[in-house]
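Quantities reported herein were computed from a predicted structural model and do not represent experimental measurements. Residues: numbered from 1 along the sequence shown.
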Amino acid sequence: MKKLQLVQKIVNEGVVAVLRGDTPDEVVEMAEQAIEGGIKVIEVTMTVPFALQAIEKLAKKYSSTTDDPSRYAIIGVGTVLDPETARAAILSGSEFVVGPSLNPDTITLCNRYRVPVMPGVMTIQEIQRALELGVDVVKLFPGNLYSPSMIKAIKGPLPQANVMPTGGVSLDNLGEWIKAGAVAVGIGSDLTTEAVKQRDYSLVAKKAAQYVAAYRAAKA
């Protein structure tokens, strides 16, 4: 039941912050600012050195079962290439797993432990295979290779597919993706680039607030 509840929470929030950085402390700071700005779903990528340290720290601080809304967030892991990495991240507190591609063994591992898994897909064949493996949400990646109309094309033969574009989603096109049928969107470098450049992580919170506002406007 927890898996289904987590999937529903991620879909309800609608915006996933995909965070990369040079150190775990930097990513923790980015995550804290993103949460402050209203993005409650955080994906720490495994390309971050000592990424599991960041996941563990965030998972301890922000429990998705807390009664305090200000301390609520869902912490997950991204750029997962294999089941071994997925299991290590789950043991560190990750509540969901995201991959850049479709890896059946990773999906099997996540299903075994009832953890939401969102593999990267690019084709109808990959999406169909993900559905057959029991995936609830697929990540259309890289999203900048497609236009929002791709979701309508997917839902022609596969209306049951839940699609989350990641990569290339911006404030300018987020509304188009949502109105086209995306169940959520992943936001990467656009959320953090300026903050890193200026060494001012409060800019992450400001950009996060803009993304949340854009998402809510699109849903309305």
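- For CD of Glu132, the number of neighbouring non-hydrogen atoms (other residues, nucleotides, ligands) closer than 6.0 Å is greater than 12.
- Closest of all the heavy-atom pairs between Ser202 and Gln33 is CA-OE1, 3.5 Å.
- Atom CD of Glu13 has more than 12 neighbouring heavy atoms from other residues, nucleotides or ligands inside a 6.0 Å radius.
- Look at Glu56 and Lys60 and you find a salt bridge, because one of the NZ, NE, NH1 or NH2 atoms lies within 4.0 Å of a carboxylate O, short of that distance.
- Here the closest non-hydrogen pair linking Leu109 and Arg87 is CD1-N, 4.0 Å.
- Annotation: side chain of Val98 is not in contact with side chain of Val80 (no heavy-atom distance under 4.5 Å).
- Shown here for Leu6 and Pro116, the closest heavy-atom pair between the two residues is CB-CG, 3.9 Å.
- For the atom pair CG (Asp136) and CD (Gln8), the distance works out to 10.5 Å, reported to the nearest 0.5 Å.
- Residues Val121 and Phe141 do not share a hydrophobic cluster, clusters being chains of Ile/Leu/Val/Met/Phe/Trp/Tyr side chains in contact below 4.5 Å.
- The shortest distance between side-chain heavy atoms of Asp190 and Tyr211 falls below 4.5 Å.
- The shortest distance between side-chain heavy atoms of Val15 and Val41 does not fall below 4.5 Å.
- Nearest heavy-atom pair across Pro24 and Gln53 is CG-OE1, 3.9 Å.
- Leu203 and Val27 fall into different hydrophobic clusters, where Ile, Leu, Val, Met, Phe, Trp and Tyr are joined by side-chain heavy atoms under 4.5 Å apart, directly or via other members.
- Checking side-chain atoms of Gln198 against main-chain N and O of Glu194 turns up no donor-acceptor pair under 3.5 Å.
- Atom CD1 of residue Ile187 and atom CG of residue Leu19 lie 11.0 Å apart, to the nearest 0.5 angstrom.
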